[in-house]
Structure formats: structure tokens, C-alpha cells
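Just so you know, these numbers use all the heavy atoms, side chains as well, and skip hydrogens, waters and symmetry mates.
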Amino acid sequence: MNGHSRVLDVAAGTGALALTAARTGAQVLAIDFSPGMVARIAAAGLPNVDAKVMDGQALALPDGSFDAVFSIFGVIMFPDWRKGLAEMARVTRHGGLGVVATWQEQGAATFLLLGQIRRKLFPERVTRTMPEGVQVLGDPEGFARELAVAGYRECRIERVVFDYELDVVMLDEPDTLFGISPDWTELNDEDKAAVIVEARRTANDRATLPIPSTALVGVAER
């Protein structure tokens with residue numbers, strides 16, 4: 001990417017991708033449904049980044065207006081994720097690129113750890129399934145097929161494993177660590193305590209607990 005590249009980041013979140021792209025000199029539009037996220041990106045103050053509140057399932061943008069369109073763990077969470085992919089393809093210029101990242105298996109980092117521990121300690125209980133988009137796109141063949149249906153071609157799917165390093169000290173504040181995940185909040189105090197004991201046992205006196213998290217990154221041409 002360069003100063004002439006037009007980049008769109010869909011469901012940009014805190015702007016990790018958008019700000020990185022901007023630092024290469026690209027002209028970046030970062031969109032998110034959350035005004036708080038958009039404000040955070042705008043606060044970075046980069047002159048070549050524009051941040052707007054927008055629904056990724058209905059982009060108020062012209063056809064073929066970007067050289068590259070990204071969605072990093074964003075569009076996969078949409079209620080209508082297929083519409084989100086189609087909208088990404090629509091605003092990508094002919095010959096441009098679409099890039100989508102998704103989690104494989106049961107998510108990543110603390111969500112993955114919690115699910116693994118629940119299945120071990122409480123095998124009879126149902127663990128919340130990931131959103132449909134994550135489930136479908138978590139299969140490389142399904143991922144490539146859905147990108148093609150959305151309007152992309154020459155789809156390439158790369159598998160990336162990242163060892164998220166959990167600071168074991170964070171287990172002292174498990175409500176902060178596991179947040180509002182139903183897999184955590186539905187547990188009673190005794191069950192929560194058992195989860196933390198198992199997490200500490202898994203850490204085996206180490207200061208950090210590596211959680212291998214597997215992502216699939218789809219790159220396709222328009």
C-alpha cells in the first residue's frame with residue numbers, strides 16, 4: 001500500500017489494522033457500528049484516517065471505491081455476515097483485494113481457554129457455540145466458497161497460529177478476564193472457583209499461560 005491506495009477497514013474496532021495501514025501512507029476509511037470505537041480511532045489523530053459510524057451490512061459507499069477492503073475478526077460476527085462479505089466485495093475495485101480474518105475452532109485467547117476448561121470440568125453442559133459466520137468460515141473450503149459467492153475470486157486461505165500469552169496474575173480478577181461471556185456469567189461461584197483452579201493447574205506455576213489460537217486469513221481478488 002502507498003499514498004495512492006484507498007483502504008477500507010470494516011468493523012474496525014480499536015483500529016489496529018486501520019492505523020497500521022495508514023502508517024504505510026494509504027488513505028484509510030475505518031468504519032464501525034460502535035461510536036465509541038470510531039471515536040477511539042479518530043483520537044489517534046492521523047491525517048490520512050477517516051473514521052465513521054456505519055453498518056457493515058449496508059455500506060453507504062460507492063461501488064468499486066477501494067483498492068483493498070479488510071475485516072479483521074469483524075464481519076464474521078455480523079448477524080448477516082454473508083451480506084457483510086457481499087458489501088465488502090461490492091466496494092472493492094476490479095483487481096483490488098479483500099482480506100477477511102476469522103477464528104477457527106472455538107474462538108481465541110481467554111474465550112478459547114474458558115471453553116476448553118468448561119468442556120473438561122462440565123462435559124454435560126452445553127458450551128455456547130460461536131456465531132454462524134465463525135462456524136462456516138472456520139472451515140477453509142467453506143471460507144473460500146463464501147468469498148467466491150460474495151463476489152471475490154482467486155481466494156487463498158492461510159492458517160495462522162498465535163500463542164496468546166495470558167498473564168496468570170489476571171486470574172485474580174476473573175470477572176474482568178472472562179467478561180460478560182455467558183459461558184462465564186452463568187456459572188455459580190463454586191463453578192467459577194473450579195475454573196480458576198483448573199486454569200492455574202494448567203499454568204503449572206508459570207507466570208504466563210500460552211493459549212494457541214488459530215486464525216484463518218482469507219485473501220481474494222475482486
Check your understanding: Side chains of Asp9 and Phe66: closer than 4.5 Å at any heavy-atom pair?
Key -> no
Check your understanding: Can you find a heavy atom in the side chain of Thr214 that is under 4.5 Å from one in the side chain of Val160?
Key -> no
Review point. Which heavy-atom pair separates Gly138 from Pro140 by the least distance, and what is that distance?
Key: O-CD, 3.7 Å
Check your understanding: Is it true that atom CG of Asn188 has more than 12 heavy atoms of other residues, nucleotides or ligands lying nearer than 6.0 Å?
Key -> yes
Check your understanding: Side-chain heavy atoms under 4.5 angstrom apart, residues restricted to Ile, Leu, Val, Met, Phe, Trp, Tyr: same cluster for Ile41 and Met77?
Key -> yes
Exercise for review: Please examine the side chains of Leu209 and Arg200, heavy atoms only from C-beta on, and report whether any two atoms are closer than 4.5 Å.
Suggested key: no
Revision key, fill the gap. Besides Phe111, the hydrophobic cluster formed by Ile, Leu, Val, Met, Phe, Trp and Tyr side chains linked at under 4.5 Å, directly or via other members, contains none
**Study point:** Within one Ile-Leu-Val-Met-Phe-Trp-Tyr cluster: Leu216 and Val149, side-chain cutoff 4.5 Å
**Key:** no
Check your understanding: Do you know the tightest heavy-atom contact between Gln57 and Pro79?
Key -> OE1-CD, 3.5 Å
Study note, to complete from the structure: When every non-hydrogen atom of Ala26 is compared with those of Asn48, the smallest separation belongs to O-ND2, 2.8 Å
Check your understanding: Any idea how Phe73 and Trp103 line up, ring-wise: parallel (<30°), tilted (30 to 60°), or perpendicular (>60°)?
Key -> parallel
Review point. Are any non-hydrogen side-chain atoms of Val219 and Cys155 less than 4.5 angstrom apart?
Key: no
**Study point:** More than 12 heavy atoms of other groups within 6.0 Å of Asp189 CG
**Key:** no
Check your understanding: Side-chain contact, heavy-atom cut-off 4.5 Å: Glu146 with Leu85?
Key -> yes
Check your understanding: More than 12 foreign heavy atoms under 6.0 Å from CZ of Arg40: is that the case here?
Key -> no
**Study point:** Reported CZ-to-CD distance for the pair Arg156 and Glu221, which is rounded to 0.5 angstrom
**Key:** 6.5 Å
Review point. Would you say Lys52 has more than 12 foreign heavy atoms packed within less than 6.0 Å of its NZ?
Key: no
Practice item. Identify whether Phe162 and Phe70 are in the same connected component of the hydrophobic contact network (ILVMFWY, side-chain heavy atoms under 4.5 Å). Key: no
Check your understanding: Under 4.5 Å between any side-chain heavy atoms of Val10 and Ile31, yes or no?
Key -> yes
**Study point:** Distance (rounded to the nearest 0.5 Å) between Ser181 OG and Asp175 CG
**Key:** 11.5 Å
Exercise for review: Could you verify whether a donor N or O on one side chain and an acceptor N or O on the other, from Thr208 and Glu165, lie under 3.5 Å apart?
Suggested key: yes
Exercise for review: Any chance you could measure Thr110, atom OG1, to Phe178, atom CZ, to the nearest 0.5 Å?
Suggested key: 6.5 Å
Point to revise | Heavy-atom check, side chain of Asp67 versus side chain of Val7, under 4.5 Å | key: no
Check your understanding: Out of curiosity, does Val100 fall in the hydrophobic cluster containing Phe78 (side-chain heavy atoms, cut-off under 4.5 Å, transitive links)?
Key -> yes
Check your understanding: Looking at Phe122, does the NZ or CZ of Arg125 lie under 6.0 angstrom from its six-membered ring centre and within 45 degrees of the ring axis?
Key -> yes
Exercise for review: Determine the minimum heavy-atom distance between Met88 and Val99, stating which atoms define it.
Suggested key: CE-O, 3.8 Å
Practice item. Under the salt bridge (Lys or Arg N to Asp or Glu O under 4.0 Å) rule, what do Glu186 and Arg118 come out as? Steps first, then yes or no, please. Key: CA-CA 12 Å; Glu186 74 173 11; Arg118 275 185 58 112; 2.9 Å; yes
Review point. Does Asp163 reach the side chain of Ile211, with side-chain heavy atoms less than 4.5 Å apart?
Key: no
Review point. Shared ILVMFWY cluster between Val75 and Val38, side chains joined below 4.5 angstrom?
Key: no
**Study point:** Tyr152 and Thr92: side chain donor to acceptor below 3.5 Å
**Key:** yes
